[in-house]
Amino acid sequence: MNPQQQTPFEKLLADKQRLRQSCSEHEKRIGASVAYIQENAGTLLLSGMSSLLFPAKPGNKTAKATKTATPAKPTESTPLGMSDILSMGKALLPVAWDVIQPIIISWSIRTLKKKVAGLFRSGKKKQPEKLKD
């Protein structure tokens, strides 16, 4: 009554199937997270920035704490320091680059077009001849 032992090849096939299922589950979860972020990107960005720039005062949280069944400890928020602002700026550099890059490319293409067009034009424009009476 021993169950048949799997061959190494059958073990590999079983592992492969298990990993595929695991990957598909992770892909679904990640896809749902990305969809949520895409749908709510503006709200998430604004709420995150407003909470960083304008931390809530502990007095405002006490009214919310009385409504809940278990009172939560009010967390003290500290104002942003220079290092916090610099780290936020450093984190936002890739986003800023993504915004600035198309502007730089379009400006350089326009400039290049003007210079190339200038090479093919004659140096002096012909003056219209005056009509003789």
Side-chain angles (χ1 to χ4, degrees):
M1 298 199 187
N2 269 340
Q4 286 184 339
Q5 286 201 349
Q6 290 181 335
T7 64
F9 182 69
E10 289 173 339
K11 287 180 182 179
L12 285 175
L13 288 176
D15 284 345
K16 181 180 176 181
Q17 183 64 27
R18 183 185 50 81
L19 288 173
R20 281 189 178 170
Q21 274 186 323
S22 176
C23 286
S24 66
E25 290 172 6
H26 287 295
E27 286 175 359
K28 287 178 185 175
R29 276 191 253 144
I30 290 171
S33 298
V34 168
Y36 176 80
I37 290 171
Q38 285 176 342
E39 291 171 1
N40 300 305
T43 306
L44 292 171
L45 181 66
L46 289 177
S47 65
M49 291 300 288
S50 65
S51 67
L52 284 174
L53 297 175
F54 308 107
K57 295 180 181 176
N60 294 342
K61 290 188 177 185
T62 57
K64 289 182 182 179
T66 57
K67 293 180 183 178
T68 61
T70 57
K73 247 198 291 188
T75 58
E76 294 186 25
S77 58
T78 58
L80 291 176
M82 189 57 140
S83 63
D84 297 329
I85 293 172
L86 290 176
S87 67
M88 280 192 326
K90 186 178 178 183
L92 291 176
L93 279 177
V95 175
W97 177 246
D98 288 341
V99 171
I100 293 172
Q101 191 175 13
I103 296 169
I104 292 172
I105 290 172
S106 65
W107 173 78
S108 61
I109 288 173
R110 274 187 269 134
T111 305
L112 189 63
K113 278 183 181 178
K114 287 178 184 177
K115 290 188 182 212
V116 169
L119 291 174
F120 292 109
R121 289 188 201 138
S122 63
K124 294 182 182 179
K125 291 186 179 180
K126 294 182 180 178
Q127 295 286 336
E129 294 182 23
K130 292 184 180 177
L131 296 173
K132 295 183 182 179
D133 293 343

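We number each residue from 1, following the sequence as shown.
Atom CZ of residue Arg18 and atom SG of residue Cys23 lie 10.0 Å apart, to the nearest 0.5 angstrom. Distance CG/Leu19 to NE2/His26: 9.5 Å, rounded to 0.5 Å. Within the model, atoms CG of Leu93 and CG of Asp98 stand 11.0 Å from one another, a figure rounded to the nearest 0.5 Å. Between atom OG1 of residue Thr7 and atom CG of residue Leu12 there is a gap of 8.5 Å, rounded to the nearest 0.5 Å.
Here the closest non-hydrogen pair linking Glu10 and Gln6 is OE1-CA, 3.4 Å.
Residue pairs meeting the salt bridge (Lys or Arg N to Asp or Glu O under 4.0 Å) criterion with at least one partner in residues 101-120, sequence neighbours excluded, are absent.
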For this session: Determine, stepwise, if the pair Ser24 / Arg20 fulfils side chain to side chain contact (heavy atoms under 4.5 Å, CB included).
Result: CA-CA 6 Å; Ser24 66; Arg20 281 189 178 170; over 6 Å; no
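Side-chain contact between Leu112 and Trp107 is absent, with no heavy-atom pair separated by less than 4.5 Å.
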Side chains of residues 34-48: which donor-acceptor pairs under 3.5 Å do they make with residues two or more places apart or in other chains?
unit_1, atom_1, unit_2, atom_2, d
Asn40, ND2, Tyr36, O, 3.1
Ser47, OG, Thr43, O, 3.0
Ser47, OG, Leu44, O, 3.1

